[in-house]
Amino acid sequence: MRKEELIENLKKIVGDQYVQTDPEDLYAYSYDATPGHSYMPDVVVSPGTTEEVSKIMKLANENRIPVYTRGSGTNLSAGTAPLKGGIVLLMLRFNKIIDVDLENLIAEVEAGVIVQDINDYIAQFGLIYPPDPGTVKTASLGGTIAENSGGLRGLKYGITKNYVQGLEVVLANGDILHTGGKNVKDVSGYDMTKLFTGSEGTLCIVTKAYLKLVPAPEAQKSMVAVFDTIEDAGRAVSGIIAAKIIPATLEILDNATIRTVEDFMHVGLPTDADAILLIEVDGHPVIVEDDAKKVLAVLKENNAREVTLARDAEHKQQLWTARRMALPCLAKLRPTTFVEDATVPRSKIPAFLNIIKKAAKEHNVTIGTFGHAGDGNMHPTIVCDLRDEEETKRVRAAMDDIFRGAVELGGTLSGEHGIGLGKLPWMELQHGKEGMEAMRAIKRALDPNLILNPGKLLGEC
Ligand SMILES: Cc1cc2nc3c(=O)[nH]c(=O)nc-3n(C[C@H](O)[C@H](O)[C@H](O)COP(=O)(O)OP(=O)(O)OC[C@H]3O[C@@H](n4cnc5c(N)ncnc54)[C@H](O)[C@@H]3O)c2cc1C
């Protein structure tokens, strides 16, 4: 189908005002938060109903036109970059919280709603929707479902897949499918909800989700622990878990990250510390007191130089803002920022931190490491200049050491950011030929013309 014909057909489906074709508009959707990937789409279309999505998919499928679904474009794996041109399908008009069912503690929410807006709305009922990526104020629900996003509360509360109980999706051929729903237990057939959650826009378009909600914790206690060696901080993380305490949040910042955040934010972080841990326990007030005491004891046993409890709500807010600003602050150091999210079993955190340190030294690159230490989910963040070819080669070599090291420790390439384009070269290392073929078979069955986010997650199918 000619481009002009495609555009006319799309206009007939959604209306002229929801089809963008000007080069400056197309350019805005040629990239996302991932450095080094920019590809021009032919057209950007913003459907407003599931039926419109279905019609667009029928048209694209019949004419074998690539479709790149996009929420807010904050992903860090080039997941929305329109590698092969074609259609960018922008989902932000799906912006309604349809229902909050207080008897079943389920919210019915459209895919384009911003995650923080869900939490702001359900706070009046004393409920929370726990998945909270660093981009909670900008990321769309559909994007977080497609990436199976985690966040700061993942350790105790789990990640997106633990809260998506049902989906409305559109398949590559335009079929509209409903999976799961309000039933807490449901083993009728394959668990398609779980399959679609984390499928990175390669198997379907999510239009609506049924989300499990949980009661907001009655009390919380936040603290910051300062360490002279990052190894001690790593051991303290394993120690807290071994003591059978599951904090809501257990985050680590290394020295490079502490100094950078303090430079920009001036919140009084100890710039001479090798690492700090930010910890929050929550729940019933009595249990919170008890857990906080136990955590304190483990921190001391593991040579924490100093532990400070958040004085009040404002201080607590300051600490968590400092953590959320880790990536934006590191990103200010150099023109290019690669933030990775290799993850290892928690007991292997000290070994993994050593691998990252060694990679930085051997390849002479700057790596700031922070992350969800309680999940074993680290964010080694390499700052560099992509225009410098020699430096970029060293960066790639450091990444290779980090990914291979994580897999050798029994870890994974990605704890939450997904594979997209960036981590494709290492997929077979983790999954083997058989694992890759099994995933490609699923892709070919649901999207035989390979039009949904082609080139991502599995490479060429
Ligand atoms: C500063 C910063 C901090 C971050 N912190 C975290 C963190 O703590 N934890 C974490 O997990 N992630 C984190 N991320 C990554 C990112 O924010 C998340 O992956 C986010 O969930 C993506 O949402 P989005 O709406 O921007 O999705 P997009 O970037 O638009 O899309 C992401 C993927 O989902 C697909 N997609 C989007 N909408 C749909 C849909 N409706 N149906 C099907 N597929 C769809 C796209 O094709 C793409 O593959 C961070 C990113 C940044 C920049």
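Order of listing sets the numbers, starting from 1, for every ligand and every atom in it.
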For N148, what residues pass the side chain to side chain donor-acceptor pair (under 3.5 Å) criterion, not counting sequence neighbours?
none

Tell me whether the NZ or CZ atom of R93 lies within the 45° cone about the ring axis of Y18 and under 6.0 Å from its centre.
yes

To the nearest 0.5 Å, atom CG of N354 lies from atom CG of L409 at 10.0 Å

Taking atom types as modelled, is there a side-chain donor on E416 or H379 under 3.5 Å from an acceptor on the other?
yes

Quickly, which of I106, I122, I118, L105 forms a side chain to side chain contact (heavy atoms under 4.5 Å, CB included) with L211? Name it, please.
I118

Residue contacts for ligand 1, heavy atom to ligand atom, distance under 4.0 Å:
T69, R70, G71, S72, G73, T74, N75, L76, G79, T80, M91, A111, P133, G134, T135, A139, S140, G142, G143, T144, A146, E147, S149, G150, G151, E200, G201, C204, I205, V206, L327, H372, E416, H417, N453

Cation over ring face, K423 and F403, 6.0 Å, 45°:
no

